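Along the sequence shown, residues carry numbers from 1. Quick caveat, the model's predicted, so the values are computed rather than measured. We count ligands from 1, going down the list as the structure has it; atoms in each ligand are counted the same way.
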Amino acid sequence: MTKDIQPIFILPEGATRITGKDAQRNNIMAAKLVAETVRTTLGPKGMDKMLVDSLGDVVITNDGVTILDEMNIEHPSAKMIVEIAKTQEDEVGDGTTTAVVIAGELLKNAEDLLDQKLHPTVIAKGYQMAAEKAQQILNQISASVDKTNLNILKNIATTAMTGKGAEMNKVKLADLTTEAVLQVADADGNIDSDNIKIEKKVGESAEASTLIRGILLDKEKVHGAMPKKVENAKILLLDCPIEIKETETDAKIQISDPMQMQAFLEQEEKMLKKLVDDVIKTGANVVFCQKGIDDLAQHYLAKAGIFAARRVKKSDMEKLAKASGGSILSTLEATSEKDLGNAGVVREEKVGDEYMTYIENCQNPKAVTLLVRGGTEHVIEEVKRAVDDAVGDLIASLKNGKVVGGAGAPEIEVAKELKKYAESLSGREQLAVLKFAEAMEIIPKTLAENGGLDPIDIMTELKALHDKGEKWAGVNVFTGKAMDSFTEGIIEPLKIKTQAIKSASEVAIMILRIDDVIAGGGSKPGPGPEMPPGMMPGMGPGM
Ligand code: ADP
Ligand code: MG
């Protein structure tokens with residue numbers, strides 16, 4: 001008998017569940033929306049987005065990962081797309097929009113396959129095969145690069161900055177960035193982007209940006225009587241204070257007569273004098289201290305003609321060590337001149353409306369500073385993001401030693417070769433590989449669309465050129481014609497492309513395999529009537 005069967009609840013109250021096709025469609029839709037949002041920013045003619053947060057702060061950017069980050073996306077599978085951008089940013093530092101746009105297109109095409117009743121696992125298998133093949137194809141077409149190919153390196157930097165806030169000064173900035181990256185490369189060719197300090201200062205224009213062969217510190221000297229400038233600087237780096245240790249807060253010193261007080265102060269003075277004498281003995285004429293420097297010690301240091309700054313950030317201390325070749329010391333005992341760092345000059349200068357300290361003309365600095373200038377805070381932020389992208393691309397190119405032409409050329413080449421590969425396959429995966437190939441073409445198509453061109457015309461032309469063996473034929477968004485991207489200097493690291501395809505396909509496959517979205521009480525799995533945050537009943541500020 002069934003009439004008395006009670007419904008069985010396995011989920012808590014308030015939980016929601018979407019299953020089967022609905023779950024798939026819902027997830028694909030959300031992912032496509034994310035891709036659609038950043039698509040218009042792709043390429044040299046991509047537009048910018050203005051993002052306003054809840055406090056009214058404004059960010060104007062063209063950078064995929066920044067846009068997605070600021071959007072505070074909530075939908076779970078849309079969030080997975082945002083993760084692609086973050087992975088791309090961590091692994092390469094550029095190509096975030098590309099990765100997201102490809103993921104969106106892979107899912108859009110998967111929808112067509114679902115409509116044709118292809119099972120999601122078959123699509124996933126085909127996509128997997130295509131993604132692996134795409135890596136091979138890209139490797140085969142790539143060209144080699146090393147630190148001697150200055151022109152290619154500068155082109156990589158310029159390409160990275162094209163269409164960003166740095167556009168107008170990209171040649172100058174590309175020169176500076178290339179020089180910076182080559183300078184901090186160590187003997188084994190390892191390059192750590194942490195060793196390139198990017199310092200922003202509002203004022204002048206991006207053209208006034210400079211590379212400092214050393215470090216620029218957001219610090220001024222501690223005492224007015226210290227020299228403003230020290231040539232042939234011998235730099236002592238200390239991570240201990242130049243102070244007498246404070247007595248425990250609750251310890252009291254009982255002083256019964258003025259003589260005792262006097263003796264106590266004299267004792268303290270002696271100890272400080274001794275500390276400063278120890279500093280002088282090292283032969284240093286510049287001191288950077290991570291901790292405090294006592295007022296009296298400042299006075300003695302100034303008297304000795306020593307330049308000193310205090311409370312320098314730990315990260316800056318490490319960069320100072322790398323730039324000057326000195327060691328960071330925790331004690332003054334047994335310190336010799338070989339522990340000191342060197343710099344051609346250490347000087348204090350007003351930049352914008354603040355005093356800063358330049359430690360520059362270092363011999364062979366393994367840490368350098370790019371001082372980025374720009375008219376306003378918003379401009380300078382976007383210039384910095386562009387420079388960050390260029391640094392990331394240069395490092396990725398040098399590490400991997402492989403580059404490709406840009407402007408949509410590698411994507412067309414991959415599509416072409418994948419279509420050939422599909423022909424060699426039997427079974428239904430073939431359809432998925434073909435759709436994967438078509439998805440690659442979204443990059444040149446979008447570049448063309450964003451440039452106001454007719455994507456169909458240019459794609460026909462480009463495909464014909466690729467069939468003739470012109471592997472770097474890409475979209476010239478300025479003339480609307482085809483061009484050889486490599487000879488035109490539009491060059492990108494191979495890693496941008498391989499990583500973008502890898503993470504885009506991984507996430508597309510992951511989303512495709514989901515057929516059940518279960519959300520515990522409190523969160524909702526899909527678009528639905530949602531209350532804006534802060535307007536939930538019972539969530540007033542008093543709670
Ligand atoms: P992403 O976040 O993916 O790096 P971008 O907005 O930086 O997005 O655009 C990158 C795309 O623009 C790449 O496909 C690149 O080849 C292309 N591109 C860059 N410079 C040019 C150019 N001068 N002409 C045509 N395409 C270009
Ligand atoms: Mg880019």
Side-chain angles (χ1 to χ4, degrees), residues 34-35 37-49 61-69 81-82 84-89 91-105 138 154-167 170-171 174 177 382 385-394 396-397 403-414 440-453 455 458 462 472-501 503-504:
V34 176
T37 311
V38 293
R39 208 166 92 87
T40 55
T41 69
L42 186 81
K45 290 227 175 164
M47 301 294 280
D48 295 346
K49 303 240 174 242
T61 184
N62 176 295
D63 189 51
V65 74
T66 311
I67 296 168
L68 296 173
D69 222 18
I81 302 285
V82 178
I84 303 179
K86 292 196 175 147
T87 312
Q88 183 78 17
E89 178 78 6
E91 293 280 326
V92 192
D94 190 15
T96 54
T97 315
T98 303
V100 170
V101 169
I102 291 178
E105 195 68 8
L138 284 166
K154 284 182 185 174
N155 281 327
I156 294 167
T158 332
T159 304
M161 291 191 278
T162 305
K164 305 259 184 277
E167 177 73 42
K170 64 181 179 184
V171 176
T177 318
E382 185 66 347
R385 278 190 287 271
V387 170
D388 274 338
D389 283 359
V391 168
D393 283 1
L394 285 169
S397 305
V403 289
V404 291
E411 288 85 2
I412 301 178
E413 191 65 19
V414 168
M440 290 296 114
E441 290 169 1
I442 189 66
I443 297 300
K445 269 190 210 157
T446 305
L447 288 172
E449 269 174 43
N450 289 351
L453 309 170
I458 186 99
L462 288 175
W472 300 132
V475 192
N476 187 330
V477 295
F478 301 101
T479 63
K481 305 241 163 58
M483 65 171 169
D484 185 301
S485 55
F486 212 100
T487 45
E488 292 294 323
I490 296 151
I491 304 177
E492 296 176 283
L494 169 68
K495 185 83 193 281
I496 281 197
K497 305 297 173 189
T498 50
Q499 182 65 43
I501 292 178
S503 24

Problem set entry | Chi angles and distances behind the side chain to side chain contact (heavy atoms under 4.5 Å, CB included) call for Val391, Leu394 | CA-CA 5 Å; Val391 168; Leu394 285 169; 5.9 Å; no
For this session: Check the pair Lys495 / Glu91 against side chain to side chain contact (heavy atoms under 4.5 Å, CB included), numbers first and verdict last.
Result: CA-CA 9 Å; Lys495 185 83 193 281; Glu91 293 280 326; 3.4 Å; yes
For this session: I would like to know whether Glu105 and Ile443 meet side chain to side chain contact (heavy atoms under 4.5 Å, CB included); could you show each step before the answer?
Result: CA-CA 10 Å; Glu105 195 68 8; Ile443 297 300; over 6 Å; no
Problem set entry | From CA spacing to verdict: side chain to side chain contact (heavy atoms under 4.5 Å, CB included), Arg39, Ile442 | CA-CA 10 Å; Arg39 208 166 92 87; Ile442 189 66; 3.2 Å; yes
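For ligand 1 and Val475, the ligand atoms under 4.0 Å from any heavy atom of the residue are 25 (C). Each of the atoms 6 (O) of ligand 1 lies under 4.0 Å from some heavy atom of Thr41. Listed by number with element, the atoms of ligand 1 under 4.0 angstrom from any heavy atom of Thr97 are 1 (P), 2 (O), 3 (O), 8 (O). Per-residue contacts place Thr159 under 4.0 angstrom from the following atoms of ligand 1 (heavy atoms of the residue considered): 19 (C), 20 (N). Atoms of ligand 1 found under 4.0 Å from any heavy atom of Gly406, numbered from 1 in the order shown, are 16 (O). Residue contact check: Leu42 has heavy atoms under 4.0 Å from atoms 3 (O), 6 (O), 8 (O), 9 (O) of ligand 1.
Ranking protein heavy atoms by distance to atom 7 (O) of ligand 1, first place goes to Lys164 NZ, 3.3 Å. The shortest contact between atom 9 (O) of ligand 1 and any protein heavy atom is with Gly43 N, 3.1 Å. Considering only non-hydrogen protein atoms, atom 4 (O) of ligand 1 sits nearest to Asp94 OD1, 2.8 Å. The protein heavy-atom contact nearest to atom 23 (N) of ligand 1 is Ile490 CD1, 3.4 Å. For atom 27 (C) of ligand 1, the nearest protein heavy atom (residue, atom name, distance) is Pro44 CD, 3.4 Å.
Separation of atoms CG (Asn476) and CG (Leu462) is listed at 10.5 Å; rounding is to 0.5 Å. Expressed to the nearest 0.5 Å, how far CD1 of Ile458 lies from CD of Glu449 amounts to 12.5 Å. To the nearest 0.5 Å, the span separating NZ on Lys170 from CE on Met161 amounts to 8.5 Å. If you take OG1 on Thr87 and CD on Gln499, they are separated by 7.0 Å, rounding to the nearest 0.5 Å. Met483 contributes atom CE, which lies 8.0 Å from atom CZ of Phe478 (distance to the nearest 0.5 angstrom). To the nearest 0.5 angstrom, Asn155 atom CG is 11.5 Å from Glu492 atom CD.
Closest N/O/S atom of Asp94 to the Mg ion (ligand 2): OD1.
Contact annotation for Leu447 and ligand 1: only side-chain heavy atoms (C-beta onward) come within less than 4.0 Å of the ligand. Residue Glu411 does not touch ligand 1, judged by heavy-atom distances below 4.0 Å. For Thr96, heavy-atom contacts with ligand 1 shorter than 4.0 Å involve the backbone as well as the side chain. Contacts between Glu492 and ligand 1 below 4.0 angstrom, taking non-hydrogen atoms only, involve the side chain exclusively.
Residue side and main chain included, Asp393 places no N/O/S atom under 2.8 Å of the Mg ion (ligand 2).
Note on ligand 1: Lys497 sits in its first shell, one or more heavy atoms being nearer than 4.0 Å. Not close to ligand 1: Gly46, with no non-hydrogen atom less than 4.0 angstrom away. Using a 4.0 Å heavy-atom cutoff, Met483 is listed among the residues neighbouring ligand 1.
Inclusion of Thr98 in the set of residues having an N or O under 3.5 Å from an N or O of ligand 1 is warranted. Among the atoms of Val477, none of the N or O lies under 3.5 angstrom from an N or O of ligand 1.
Under the side-chain contact (heavy atoms from CB on, under 4.5 Å) test applied with Val65, the options Thr96, Asp389, Thr97 reduce to a single match, Thr96.
Panel note: side chain Asn450, backbone Lys45; no donor-acceptor pair is recorded below 3.5 Å.
Between Arg385 and Glu382 there is a salt bridge, since at least one side-chain N of the basic residue sits less than 4.0 Å from a carboxylate O of the acidic one.
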